[in-house]
Amino acid sequence: MKESKKKILIVDDSELNRALLVDMLENDFEIVEAENGMEAMAVLVEHEMEISMMLLDVVMPVMDGFEVLAMMNKKGYIKTIPVIMISAENGSSVIDRAYDLGAIDYINRPFDERTVKHRVMSNFLLTLKQKELSELLSAQIYEKEKSNSLMIEILSHIVEFRNGESGLHVLHVHTITEMVLKAIAEKTDKYNLTAQDIRLIGNASALHDIGKIIIPEEVLNKPGKFTPEEFEQMKLHTVEGAKMLEALPFHKEEALVRYAHDICRWHHERYDGRGYPDGLKGDEIPIAAQAVALADVYDALTSKRVYKPPFTHEKAIEMILNNECGVFNPLLLECLKEIAPVLQEELNVASYGYAAEKNIDETVKQTMKMDGTEASERTLRLIEYERMKYRSLADLSSEITFEYTAAPEMVRFTDWCADALGLSMNILDPLNDEKFCARFPKEAFEDFVKRLKESSPERSIVTAKYRLNLSGEVKWHKVSAKTMWDSDDDEADFRGAVCKIVDINDEVLRMENLEQQAERDPLTGLYNRSAARSRIEKLLTESDGKTYALAFLDFDDFKRANDVHGHQFGDEVLKEFANRLRANTRASDITARVGGDEFIIFMEYRGDVAKQAERIHSRVTGEFKGFDIRCSLGIACSNANCIDFDELYHKADVAAYSAKKQTKNIFKVYDDSMESLLAKCKAGDLE
C-alpha cells in the first residue's frame, strides 16, 4: 500500500506566492493553503494531527505571522508543528522575533526553488528525527522506571509476605503518601516539594519496612500484644532498615536512596516527640517520613491484621484526626481531611499494575519536560542543540562558517572551511593557537567572544566587523553569529554559537567613506563641529587623570581675503590654514572647522600650555600668496571643575575674543579675569 504524503500548511495572503510554493513542494507533500493567520488557526483546530509543517508569511491581513506564532504557543501547537517563516523582511529584529516565538527556520523571498526544497525537506527530516529520538528516549525512560518500580515492588512484597500483611499495603502507602504530599505542595512552599520529589518519595515509601526482614517471624506475626522486650525488638526494624541502605556499596547519594533512608529510620517518629527510634519532634522529622507515617497508620487501621479487624474509612480518619494513633503535623492532618472524600475511591481502583503504570507514565512525561534525571535533561538538550546547529549550518553552507563552544573553549570548522583556511577542524584554546590567531587576531576574537557572552536568548543575533587574514591578505569581514543557550525557568547559560564570516571589504570601505564624508568639513577635510564635539566629549568622559586643552582660533580680517581677492581665493586661504593646522598638530589631537573662519584644536598637554599655544599660533599664521594670515587664539584647560565641552569651548572662545579686542593676532590663555566676559558669552551678549 502506497504511503500517503505528509501535509504542509502554506499561509500567505499572496495567491501567487502560495502557487509558487505549491509548484515547488507538491511532488513531495500534500499542500493545504490559507490566505491569512485566522484561516490558518482554523485549519490547525480542525486538522492539528494531520499537519506536519507550516510555511508562514509574516505580513498578512486579519492576523499576521507573529500573531499566529503567539497563538500556537498559547495553544501548544508549536510543540508538535514545526514552522518555517517566509517573508521579504530580512531585518535581524524580524528574524530574531520569529525564532523567539518558536519558528525553526526563516526563508526570504524571492523564492529560490532549490533553497526552498532543501530547507523544507531538511527541517522536515530533522524534526522527524528529533521526534523519533524523543520517542526512543521516552521508551528508554519508561523501561528504566518500570524495572526500578518492579524491583522495589518485589523487595517490599517479600517483606509483606513474611509479615503476613495484605499485598496491597505497600501500594496503599505509596498512593496515600503521594496524595498527601501533593496537597501539601499546593498549600505551601515550606518544604520545597517538586513533582519529582513527590514521585521519588512515593517510590521510596515502598521500602519503609525493609528492616522487618531481621525481625523474628514469631514476633513479627504475633497475634496478641507485644511484651516490652518484644516491642523493643520490633522497634529495631527502623534502625536496621536505615543501616541496610547506609551499607549500600554504591548509589548511596541518589535521591531515592536518601529518601528511603529517612523513611525507614523515622516513619515511626511522632510530631510531639513521643515516637521512635530517636524521639525527633516537629519538623526535625523529614517531611517524607511524616507523610509515610500518616499513610502507614491509615492503612494499618483500615486493613485486617492478625491482631485486629479492619476499621472503616470514616472511623480511621476520625481516630487519626483525634490523635488516637499518635500526634501528627497539623498541616498533614489538614491535607488528610481535604483528600478524605476521594481517598477511598483512589485506593479501591488501585492495583500494582495500575499504580506502577500511572507512576511511570508521569515520570516519563515529567522527564520529557526536562524535569527528570540529569542524564535525561542532558540528552534532550543535546537533541535541541543539534537541531539548532544543523539548521544554522544549512543557512550558512556557502560561506566560511565555524562553531564556537564556551566550555571547553573550542572552535570547530566544517571540512570545507578547514581546508580553505588551512586550519584543523577542531581548535582547542583558540586564543593560544598560532595558526588560528594568524587568521583571526587575538584582540578581534576576544572582542567577538565578549559580544557573544553579552547576548541573551532574547537577543541572540551578534554581528561585528574585523580585519581578518582569511585568504592571504588582510581584509574587512563581517562575522555573524546565532548564540545558543541552556535554560530553565530561572536562568540561561551561554553554550556557544554558530557563526559565519562574509568578506565585506568593499562595503566597509564604502561605509567608511560615507562616514568620513558625514564627519568632515567638505572644504578643508577637517572634522566638522558635530563630529569633533562627540569625540571630545568621549575623551573628557574617559580622561582618567589626563589634562586637555581646547584652543579656539578666529581669523583676523578674513573678510578682506574675499572682498579683495574673491571668494575662491578665500577658500584657498581656509584650505591653507587647515593644512598648517594638520602639519602642526599630533595624530591624537582633534582639529575641526566649527564656523566660516573659526577653528578649534583639542589636545592633551603637559607642563605650560602657553608654550603650546605660542608654538601653534606662530606656525599657522604668516604670509600666503601675498595675503597675511592672522588669527586670534584663545585656549582653555580642563580640570576637576571643567570637564564639560561647552564650558571649555566658551572659555576658549572668550580668551580668543579677549585677544582680538586687545591687539589681534595674538594668543591668550583663559584666566579668572575673564569671568565677566564668560558670563556674557554664555548669555549670548558678546559683540
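Index from 1, following the sequence.
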Chemist: One thing to verify: whether Asp557 and Arg560 come together as a salt bridge, which I'm taking to mean a side-chain N less than 4.0 angstrom from a carboxylate O.
Modeler: no
Chemist: Does some side-chain heavy atom of Val620 sit less than 4.5 Å from a side-chain heavy atom of Leu633?
Modeler: no
Chemist: Taking atom types as modelled and ignoring hydrogens, do the side chains of Asp671 and Ser673 form a donor-acceptor contact shorter than 3.5 angstrom?
Modeler: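 Yes, because at least one side-chain N or O of Asp671 sits under 3.5 Å from a partner of the opposite role on Ser673.
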Chemist: Assess whether a salt bridge exists between Asp105 and Arg119, defined as any Lys/Arg side-chain N lying under 4.0 Å from an Asp/Glu carboxylate O.
Modeler: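 Result for this pair is yes, salt bridge flagged.
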Chemist: Would you mind listing every salt bridge (Lys or Arg N to Asp or Glu O under 4.0 Å) that reaches into residues 55-68, with sequence neighbours excluded?
Modeler: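 Counting only pairs at least two positions apart or across chains, the salt bridge (Lys or Arg N to Asp or Glu O under 4.0 Å) contacts touching residues 55-68 are Asp57-Arg109.
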Chemist: For Arg615, which residues count as a side-chain contact (heavy atoms from CB on, under 4.5 Å) partner, sequence neighbours excluded?
Modeler: Asn584, Arg619
Chemist: Under 3.5 Å, sequence neighbours excluded: what are the donor-acceptor pairs made by side chains of residues 436-446?
Modeler:
unit_1	atom_1	unit_2	atom_2	d
Arg439	NE	Leu421	O	3.0
Arg439	NH2	Leu421	O	3.0

Chemist: Please tabulate, one pair per line, all N/O donor-acceptor pairs under 3.5 Å involving side-chain atoms of residues 562-577, not counting sequence neighbours.
Modeler:
unit_1	atom_1	unit_2	atom_2	d
Asp563	OD2	Lys559	NZ	2.7
Glu572	OE1	Lys625	NZ	2.9
Glu576	OE2	Arg580	NE	2.9

Chemist: Just jot down the side-chain contact (heavy atoms from CB on, under 4.5 Å) partners of Glu675, sequence neighbours excluded, or say none.
Modeler: Tyr670, Asp672
Chemist: Verify the neighbour count for atom CD of Glu15: are there more than 12 heavy atoms of other residues, nucleotides or ligands below 6.0 Å?
Modeler: no
Chemist: Not counting sequence neighbours, which residues clear side chain to side chain donor-acceptor pair (under 3.5 Å) with Arg582? List them please.
Modeler: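 Arg582: side chain to side chain donor-acceptor pair (under 3.5 Å) contacts with Asn579.
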Chemist: Do His650 and Leu678 have side chains that approach each other closer than 4.5 Å (heavy atoms only, starting at C-beta)?
Modeler: yes
Chemist: Minimum heavy-atom separation for Lys668 to Ser658, with atom names?
Modeler: NZ-OG, 3.4 Å
Chemist: Holding to ring-ring contact (aromatic ring centres under 6.0 Å, His included), I want the full list of residues that pass it with Phe558, two or more places apart in sequence or in another chain.
Modeler: Phe555
Chemist: Identify, with sequence neighbours excluded, every residue that meets side-chain contact (heavy atoms from CB on, under 4.5 Å) alongside Asp554.
Modeler: Phe552, Asp597, Glu598, Lys660
Chemist: Cationic tip of Arg593 within the cone over Tyr527's six-membered ring, i.e. under 6.0 Å and within 45° of the normal?
Modeler: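 Geometry flag: not set, cation outside 6.0 Å or 45°.
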Chemist: Measuring from Ile601:CD1 to Leu526:CG, what's the distance to the nearest 0.5 Å?
Modeler: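 The CD1 atom of Ile601 sits 9.5 Å away from the CG atom of Leu526.
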Chemist: Could you work out, with side chain to side chain donor-acceptor pair (under 3.5 Å) as the rule, every residue matching Thr621, not counting sequence neighbours?
Modeler: none
Chemist: What residues, two or more places apart in sequence or in another chain, satisfy side-chain contact (heavy atoms from CB on, under 4.5 Å) together with Ile95?
Modeler: Tyr99, Tyr106
Chemist: Got a sec: does the CZ of Arg114 have more than 12 other heavy atoms crowding it under 6.0 Å?
Modeler: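 No, not enclosed.
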Chemist: Is Asp556 salt-bridged to Lys664, cutoff N-O under 4.0 Å?
Modeler: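 Looking at Lys664 together with Asp556, the answer is no, because their closest N to O distance does not fall below 4.0 Å.
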Chemist: Scan residues 605-635 for pairs that pass ring pair (Phe, Tyr, Trp, His ring centres under 6.0 Å), counting only residues two or more places apart or in two chains.
Modeler: none
Chemist: Which residues satisfy the ring-ring contact (aromatic ring centres under 6.0 Å, His included) test with Phe602, sequence neighbours excluded?
Modeler: Tyr548
